[in-house]
Amino acid sequence: MLKVDNLDLHYGASQILSGISMQAETGKVTCIMGVNGVGKTSLLKALAGTHLPSGGAVTLNGVDLTKMRSHMRAQNGVGYVPQGREIFPLLTVEENLETGMGCLPKSERFVPDEIYELFPVLKEMRHRRGGDLSGGQQQQLAIGRALITKPKLLLLDEPTEGIQPNIIQQIGRVISHLRERGDMAIVLVEQYFDFAFDLADQFYALRRGQVTLSGPKGEVSRDQVMQAVSV
């Protein structure tokens with residue numbers, strides 16, 4: 001389980017996140033929602049270790065991640081799919097997947113069959129350069145690269161952004177499959193309301209860097225979530 005206690009984040013003199021407390025349970029999808037600019041991506045970066053929090057604590061399965069940089073967090077089970085995908089355009093699909101292996105012991109540095117089963121197009125195009133892939137294919141590659149690390153916590157930042165509907169449906173099925181496997185906590189930042197609401201087990205709505213609504217599906221209604229994430 002991921003636990004975040006009273007997390008603050010500053011960029012220079014600007015405070016971006018204030019007193020964020022949340023949990024994400026293994027085998028569940030925790031969705032972070034809100035309009036643009038409320039701190040959703042900043043929160044994922046603080047969880048991934050690309051920006052270190054200025055206050056509070058982050059723990060995963062009892063391990064204190066708060067001061068760890070991103071490579072150490074990856075070794076401790078944090079997988080991150082950033083907004084914009086950030087694949088390497090001049091590397092092949094297979095080479096892009098291999099970049100996720102750095103945190104694994106040498107005996108585990110191979111592409112598991114499951115990656116290609118989840119995303120068959122990656123197997124078909126494994127010798128093509130990442131930059132030759134469509135946006136939807138690049139998103140599948142970015143998720144596959146994160147799964148290579150065998151995460152206990154998977155962070156997904158806007159996985160449907162700019163993606164064609166059939167790929168959105170496939171990504172939704174993959175997220176559902178990973179949840180059902182029951183070996184990782186999934187934190188999803190998503191603007192596509194229907195996609196997020198259908199997948200989520202737990203909601204956190206942000207406004208101005210603070211949590212304004214939280215609760216499991218069933219205790220918070222669709223209308224409550226919609227109102228919390230509206231301008």
Go through the structure and list residues passing side-chain hydrogen bond (donor to acceptor under 3.5 Å, both in side chains) with N6, not counting sequence neighbours.
->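 Result, side-chain hydrogen bond (donor to acceptor under 3.5 Å, both in side chains) vs N6: none returned.
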Atom pair [atom1] ([X]) and [atom2] ([Y]), whose distance is rounded to the nearest 0.5 Å:
X	Y	atom1	atom2	value
N76	N61	CG	CG	10.0 Å
K152	M184	NZ	CE	12.0 Å
K45	Q83	NZ	CD	8.0 Å
T212	M33	OG1	CE	11.5 Å
S70	L47	OG	CG	13.0 Å
I87	R129	CD1	CZ	10.5 Å

Using the rule that two of Ile, Leu, Val, Met, Phe, Trp, Tyr join whenever any of their side-chain heavy atoms come within less than 4.5 Å, decide whether [X] and [Y] are in one cluster.
X	Y	value
F193	V29	no
M1	L188	no
V229	F195	no
L9	M22	yes
V174	V111	yes

Under 3.5 Å: donor-acceptor pair, side chain of [X], backbone of [Y]:
X	Y	result
R73	M68	yes
E219	P216	no
R126	E95	no
Q164	N166	no
Q202	C31	no
T66	V58	yes
R128	V93	no
Y80	G49	no

Is K123 salt-bridged to E94, going by a charged N under 4.0 Å from an acidic O?
->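 The answer is no: the pair does not qualify as a salt bridge.
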D194 bridged to R222 by N-O distance under 4.0 Å =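 Yes, this pair counts.
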Exceeds 12 heavy-atom contacts within 6.0 angstrom, atom CZ of R208 =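 No, CZ of R208 has 12 or fewer neighbouring heavy atoms, counting only those of other groups under 6.0 Å.
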Within 6.0 Å of CZ in R69, more than 12 heavy atoms from elsewhere |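 Not more than 12 within 6.0 Å, no.
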Minimum-distance pair of heavy atoms, taken over all atoms of [X] and [Y]:
X	Y	value
D201	G27	OD2-O, 4.5 Å
Q75	C103	CG-CB, 3.7 Å
L44	I32	CD2-CD1, 4.4 Å
K40	G34	NZ-O, 3.0 Å
I167	Q140	CD1-NE2, 3.5 Å
S42	I16	OG-CG2, 3.5 Å

Could you go step by step and tell me if L147 and L154 meet the side chain to side chain contact (heavy atoms under 4.5 Å, CB included) rule?
-> CA-CA 8 Å; L147 294 177; L154 179 63; 4.1 Å; yes
Side-chain contact, heavy-atom cut-off 4.5 Å: [X] with [Y]?
X	Y	answer
L156	I175	yes
L141	R85	no
I168	Y192	yes
T59	L2	no
E190	T160	yes
L199	S176	yes
L206	I20	yes
I148	P112	yes

Apart from F88 itself, which Ile, Leu, Val, Met, Phe, Trp or Tyr residues share its cluster (side-chain heavy atoms under 4.5 Å, direct or through members)?
->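 Hydrophobic cluster check, F88: joined to L91.
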ring-ring contact (aromatic ring centres under 6.0 Å, His included): which pairs involve residues 1-55, sequence neighbours left out?
->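 Qualifying pairs: Y11-H51.
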What pairs meet the ring-ring contact (aromatic ring centres under 6.0 Å, His included) rule with one or both residues in residues 103-143, with sequence neighbours excluded?
->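 Not a single pair qualifies under ring-ring contact (aromatic ring centres under 6.0 Å, His included).
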Any side-chain hydrogen bond (donor to acceptor under 3.5 Å, both in side chains) involving residues 28-38? Give me the pairs, sequence neighbours left out, ordered by first then second residue.
->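 Checked against side-chain hydrogen bond (donor to acceptor under 3.5 Å, both in side chains) - neighbours excluded - the pairs reaching residues 28-38 are N36-Q191.
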Inter- and intrachain pairs under salt bridge (Lys or Arg N to Asp or Glu O under 4.0 Å), touching residues 134-151, at least two apart |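 Of all non-adjacent pairs touching residues 134-151, those that pass salt bridge (Lys or Arg N to Asp or Glu O under 4.0 Å) are E108-K150.
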Start with the C-alpha distance between Y204 and L43, add both sets of side-chain angles, then the distance that settles side chain to side chain contact (heavy atoms under 4.5 Å, CB included), and finish with yes or no.
-> CA-CA 12 Å; Y204 289 89; L43 176 54; over 6 Å; no
Do S221 and D223 get their side chains close enough for a donor-acceptor pair, meaning under 3.5 Å?
->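 No, no side-chain donor-acceptor pair sits under 3.5 Å.
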Side-chain H-bond candidate by donor/acceptor type, T41 with D157, under 3.5 Å =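 Yes.
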Within 45° of the six-membered ring axis of F203 and under 6.0 Å from that ring's centre, is NZ or CZ of K217 located there?
->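 Judged by the rule (NZ or CZ under 6.0 Å from the ring centre, within 45° of its axis), K217 is not positioned above F203.
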Could you give me the CA-CA distance, side-chain angles and deciding distance for H177 and E114, then say whether side-chain hydrogen bond (donor to acceptor under 3.5 Å, both in side chains) is met?
-> CA-CA 11 Å; H177 168 77; E114 186 190 30; 3.1 Å; yes
Test log, rule side chain to side chain contact (heavy atoms under 4.5 Å, CB included), inputs V4 and L7 = CA-CA 7 Å; V4 179; L7 184 143; 3.6 Å; yes
Step-by-step side chain to side chain contact (heavy atoms under 4.5 Å, CB included) determination, I143 to L118 | CA-CA 10 Å; I143 296 172; L118 292 173; over 6 Å; no
